[in-house]
Structure formats: C-alpha cells, structure tokens
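Presented below is the structure to which this report refers.
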Amino acid sequence: FPSFPSKFIELLRMCETGRDKFELHLLTQHSTASMQVVEVNPFKHLVHLSLGLSTATDSVVKQYLADCLRDLQKKHQALTDKSESDTRAHAERIQGFEESLRQLRSQLQGDQQSKEQELREQGDVMKEQP
C-alpha cells in the first residue's frame with residue numbers, strides 16, 4: 001500500500017504514452033463516476049484499477065482552492081524574496097567590480113605617467129650625450 005501512489009502514477013504515464021496498450025476510461029452513470037486503468041489486447045480488456053469518483057461539495061472545492069492559493073502565495077513570496085536577495089547580492093558584486101576597475105584605471109594612469117616621465121628623462125639624457 002505505501003507504494004500505491006507511485007504505482008498509480010506509473011499506470012497513468014503508461015496510459016499517457018499509449019505504447020503499452022493501457023487506456024484510461026472514465027465511466028459515468030447518473031451522479032456517480034469511476035475511472036479505470038484498462039490494459040487492452042486483442043483478446044480482452046483487463047481492468048487493472050478502478051477508482052470510484054464522487055462530486056465534491058462546494059465548501060470542499062473552495063477549501064481545496066484556498067489551500068492551493070495559499071501554497072502558491074507562499075511560493076511566490078519565497079521566489080520574490082530570493083529574487084530581491086539575489087538582486088542585492090549582484091548589485092554589491094557590481095559595486096565591488098566597479099571599485100576594482102576604478103583602482104586599476106588609477107593604477108594604470110599612474111604607471112603610464114611614470115613611464116612617460118621615464119621616457120622623457122631617457123630622451124633628455126640621450127640629447128645631452130654627444
């Protein structure tokens with residue numbers, strides 16, 4: 001019995017693909033209905049599972065939908081929180097990269113000025129030599 005849900009899903013997937021010759025039948029009579037998983041072969045139709053279905057009351061449907069809505073709202077809030085957190089983290093990383101870029105540009109400019117000064121001095125020394 002503990003494996004029933006997984007086996008039931010397996011049967012439904014077999015019906016969905018159609019390659020294993022399983023079909024899902026919905027039988028209705030007056031106010032009752034049943035859902036059957038049927039294996040179809042040339043000799044017979046073998047019912048593997050038959051589940052009786054009944055209509056839900058208005059309050060049961062409303063409660064189910066309210067529960068679904070509540071779950072979706074929680075998931076939405078969790079995703080929103082994660083998105084905001086990720087956005088803040090990425091903004092901080094960008095600020096760090098921008099600061100590093102400013103420092104590297106400043107260092108490059110200093111190195112460039114230093115090399116230009118060094119080249120001018122070497123040029124001056126070469127002019128002074130006969």
Side-chain angles (χ1 to χ4, degrees):
F1 187 75
S3 64
F4 175 77
S6 63
K7 293 296 183 182
F8 179 62
I9 290 171
E10 186 179 321
L11 279 173
L12 290 177
R13 288 200 175 125
M14 292 166 83
C15 293
E16 184 178 49
T17 61
R19 73 168 185 201
D20 295 319
K21 306 232 190 267
F22 280 87
E23 296 177 352
L24 187 62
H25 294 181
L26 180 62
L27 307 173
T28 58
Q29 291 178 349
H30 305 291
S31 63
T32 62
S34 67
M35 182 174 63
Q36 296 179 341
V37 177
V38 181
E39 181 179 5
V40 179
N41 65 46
F43 302 105
K44 63 181 174 179
H45 291 201
L46 178 63
V47 176
H48 282 266
L49 179 66
S50 181
L51 297 174
L53 305 174
S54 61
T55 57
T57 64
D58 192 43
S59 63
V60 169
V61 172
K62 286 178 181 178
Q63 183 61 48
Y64 172 76
L65 292 175
D67 291 343
C68 289
L69 179 60
R70 193 175 311 107
D71 289 345
L72 287 173
Q73 287 173 331
K74 285 179 185 177
K75 288 177 184 176
H76 176 264
Q77 187 60 48
L79 289 172
T80 300
D81 293 347
K82 181 167 178 12
S83 175
E84 290 172 357
S85 172
D86 289 348
T87 300
R88 281 192 299 275
H90 290 311
E92 290 172 3
R93 286 186 68 196
I94 288 171
Q95 286 177 347
F97 290 143
E98 287 173 343
E99 180 59 31
S100 295
L101 182 61
R102 278 193 290 275
Q103 289 174 356
L104 289 171
R105 282 183 177 160
S106 175
Q107 183 180 356
L108 179 64
Q109 186 178 12
D111 290 349
Q112 187 177 10
Q113 289 173 351
S114 173
K115 287 295 181 189
E116 287 173 356
Q117 180 64 30
E118 193 177 303
L119 286 173
R120 276 193 294 261
E121 289 173 1
Q122 285 179 357
D124 291 342
V125 169
M126 293 194 112
K127 287 181 186 176
E128 292 175 4
Q129 289 180 354

Quick one, Gln95 with Glu99, criterion side chain to side chain donor-acceptor pair (under 3.5 Å). Give me CA distance, side-chain angles, the key distance, then yes/no. CA-CA 6 Å; Gln95 286 177 347; Glu99 180 59 31; over 6 Å; no

Keeping the roles fixed (side chain from Ser106, backbone from Arg102), state whether a donor-acceptor pair exists under 3.5 Å. no

Can you tell me how far apart SG (Cys15) and CD (Gln36) are? Round to the nearest 0.5 Å. 11.0 Å

State, yes or no, whether a side-chain contact exists between Leu46 and Asn41 at a heavy-atom distance under 4.5 Å. no

Does any non-hydrogen side-chain atom of Val37 lie less than 4.5 Å from one of Leu24? yes

If we only count heavy atoms from C-beta on, is the Gln122 to Glu118 side-chain gap below 4.5 Å? yes

Give a yes or no on this: more than 12 heavy atoms of other residues, nucleotides or ligands lie within 6.0 Å of atom CZ of Arg105. no

Straight-line distance of Leu51 CG to Leu26 CG, nearest 0.5 Å: 11.0 Å

Looking at Gln29, I want to see if its CD is surrounded by more than 12 non-hydrogen atoms of other residues, nucleotides or ligands under 6.0 Å. no

Between Arg70 and Gln73, does the side chain to side chain donor-acceptor pair (under 3.5 Å) criterion hold? Intermediate values first, please. CA-CA 5 Å; Arg70 193 175 311 107; Gln73 287 173 331; over 6 Å; no

Please check this pair: side chain of Thr80 against backbone of His76, looking for a donor-acceptor N/O pair closer than 3.5 Å. yes

Just so I know, are the side chains of Ser83 and Thr87 near enough to count as touching, which here means a heavy-atom distance under 4.5 Å? yes

Please answer: with hydrophobic residues joined when any side-chain heavy atoms are less than 4.5 Å apart, are Leu27 and Phe22 in the same cluster? no

Could you tell me the separation between the CE atom of Met35 and the NE2 atom of His25, rounded to the nearest 0.5 Å? 12.0 Å

Gap between atom CD of Glu16 and atom CD1 of Ile9 - 0.5 Å precision: 11.5 Å

Using every non-hydrogen atom in the two residues, find where Pro5 and Pro2 come nearest and quote the distance to one decimal. CD-O, 3.5 Å

Output yes when Asp86 and Lys82 qualify as a salt bridge under the 4.0 Å nitrogen-oxygen rule, no when they do not. yes

Got a donor-acceptor contact below 3.5 angstrom from the Ser114 side chain to the Gly110 backbone? no

Between NZ of Lys21 and CE of Met14, what distance do you get to the nearest 0.5 Å? 12.0 Å

State, without any angle test, whether Gln117 and Gln113 hold a side-chain donor-acceptor pair at a distance under 3.5 Å. no

Report the distance from atom CG of Leu49 to atom CZ of Phe4, rounding to the nearest 0.5 Å. 5.0 Å

